[in-house]
Protein chains: 2
Amino acid sequence: MRASERAYAALREDILEWRLEPGTVLGEVEQSERLGISRTPLREALARLLSDGLVAAQGGRGLVVTAVSVSDIAQLFELRQALEQQIARQAAQHRDPAVFETLAAEFRVAPDLLERSDHAGYYELVARFDAAMDAASANTYLVTALRSLRPHLVRLRRISRDNNSRLRAAAREHLLIVEAVAAGDSELAASATHVHLHQSLTSILATAQMLSTHR
Amino acid sequence: MRASERAYAALREDILEWRLEPGTVLGEVEQSERLGISRTPLREALARLLSDGLVAAQGGRGLVVTAVSVSDIAQLFELRQALEQQIARQAAQHRDPAVFETLAAEFRVAPDLLERSDHAGYYELVARFDAAMDAASANTYLVTALRSLRPHLVRLRRISRDNNSRLRAAAREHLLIVEAVAAGDSELAASATHVHLHQSLTSILATAQMLSTHR
DNA sequence: TAGCCCGTCTTTGCATACACAGAAGCCCAA
DNA sequence: TTGGGCTTCTGTGTATGCAAAGACGGGCTA
């Protein structure tokens, strides 16, 4: 694997997992030494993070990990609504029913996963759901736009994490989306997506509110 | 200005204006010599074009200018529908009425521009319309997604170019969108956008059909 | 003591050199 | 003639060196 690729993957994960917190300055020499590579591939990695919006230029010199404000969360979800409703419509039109019936069966037993607090298992299921929607949408541009949005959503998991009752509700909402796609009902799929994202946003904002109050 | 920035701007424009045609191989040495810079900043420029989707990796080695198929056009417009309807809704909610009333006045006299075949003037007006919508949407993520889509749309102008009757109709459609935004009517703004993009797509596909038949 | 200016020093941007991998061409043998 | 293996060679990926543009600090002056 290329050094620049490894550096990108490593830095990206460090940011998504909050090991590099918002505001952290990423110096080229510092990071290249930390990752054991030279500045050239590291610069390439930083450029990609910049276009991802995970880091931002700090007044001409120096890159910093971007922050995620409450306003950012609302804006992210406006974009997410637009993209995921559209992808749900397209997926419902082009889907392979068998794929989504299999997914539906898995979401029906998702409460079992959550029962034993297997959050990783649940997130893995959601990742397969996303992948299936991407594939079924048959629209590379839509998928590309969504792929560039997802890292930011992953960062939000830290806020919604371990909210077991919310995850149970989310599983039911996902199930409805999958059933609508399986049935080829575009508008139901879009509306179910709308509902799901509305509930997710509401939950996240409530948690964010609580976190900021408690501090 | 940085060399990498100049190289990016130059290559990007060459691709958007079809001076570099789809399928053209962009060798690092070749292009760096053409632009009078070293390979390091040129690689940075190519990496940005890659993430823009304007060039693609050619089997592990070599980057080529991407093609725009009829299927690509349809997919681009599906994404465009999702993004521009959303931005129209947001803009209608947050707009400064004065800005959009000024724009409306300009679109009312746009037929004069087209009368004297001042297409550049018309495209410049559309660019200001886009900028006003971006600013009014108050959503940086939405704007970023749209900004990454627009280069691909610019490439399509070569297909729809000089279709004067279509541009007149487009001006009327734009006017309706601007009026809806000025009035703060989100749903009308979204629907007017939907109509406009549907008509644009229909026109482009018809022209593309004609071009491919004639050859 | 506060403010400004100058020198130093860090950090970035670019150029160049080197190493390696994949492709093209060639030769030899079947 | 064709296929396989070898060689060469082009092109990419990475490291390093150098220069310039700021940030920082110290000292001087008012």
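So you know, we letter chains A, B, ... as the sequences are listed, proteins then strands, and number each from 1.
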Asks: List for me each residue that meets ring pair (Phe, Tyr, Trp, His ring centres under 6.0 Å) alongside B:Tyr141, sequence neighbours excluded, and say none if there are none.
Replies: A:His152

Asks: Both B:Arg39 and B:Glu44 contact DNA chain C. Which one's nearest nucleotide lies toward the 5' end?
Replies: B:Glu44

Asks: Please collect all side-chain hydrogen bond (donor to acceptor under 3.5 Å, both in side chains) contacts where either partner lies in residues 20-31 of chain B, sequence neighbours excluded, each pair once.
Replies: B:Glu28-B:Arg39, B:Glu28-B:Arg43, B:Gln31-B:Arg34

Asks: Just jot down the side chain to side chain contact (heavy atoms under 4.5 Å, CB included) partners of A:Glu33, sequence neighbours excluded, or say none.
Replies: A:Val29

Asks: Shortest non-hydrogen contact from B:Val99 to B:Ala132?
Replies: CG1-CB, 4.2 Å

Asks: In residues 23-38 of chain A, which residues come under 4.0 Å of DNA chain D by heavy atom?
Replies: A:Ile37, A:Ser38

Asks: Can you pull the contact range of chain A along DNA chain C, 5' to 3', using atoms under 4.0 angstrom from its heavy atoms?
Replies: C:dT10 to C:dG13

Asks: With sequence neighbours excluded, what pairs up with B:His196 under the ring pair (Phe, Tyr, Trp, His ring centres under 6.0 Å) test?
Replies: B:His174

Asks: Salt-bridged, A:Asp72 to A:Arg155, with N to O below 4.0 Å?
Replies: no

Asks: Test B:Ile204 against B:Phe77 for side chain to side chain contact (heavy atoms under 4.5 Å, CB included), laying out the working first.
Replies: CA-CA 11 Å; B:Ile204 288 177; B:Phe77 268 75; 3.9 Å; yes

Asks: Anything under 4.0 Å to a heavy atom of chain A counts; send over the first and last such nucleotide of DNA chain D, read 5' to 3'.
Replies: D:dG13 to D:dG22

Asks: Any salt bridge (charged side-chain N to carboxylate O under 4.0 Å, His left out) involving residues 49-68 of chain A? Give me the pairs, sequence neighbours left out, ordered by first then second residue.
Replies: none

Asks: Base, sugar-phosphate, or nothing: which does A:Arg61 touch, judged by heavy atoms less than 4.0 Å apart?
Replies: base

Asks: Under the rule for side chain to side chain contact (heavy atoms under 4.5 Å, CB included), what residues qualify as partners of B:Asn164, not counting sequence neighbours?
Replies: B:Leu114, B:Ser117, B:His119, B:Arg168

Asks: Look at the side chain of B:Arg95 and the backbone N and O of B:Ala182, then say whether any donor-acceptor pair between them is shorter than 3.5 Å.
Replies: yes

Asks: Check whether NZ of the Lys or CZ of the Arg B:Arg48 lies under 6.0 Å from the centre of the six-membered ring of B:Tyr8 and within 45 degrees of that ring's axis.
Replies: yes

Asks: Mind checking what makes side chain to side chain contact (heavy atoms under 4.5 Å, CB included) contact with A:Thr144, not counting sequence neighbours?
Replies: none

Asks: Would you please name every residue forming a side chain to side chain contact (heavy atoms under 4.5 Å, CB included) with B:Glu13, sequence neighbours left out?
Replies: B:Glu17, B:Arg19

Asks: Among residues 46-57 of chain B, which residues get a heavy atom nearer than 4.0 Å to DNA chain C?
Replies: none

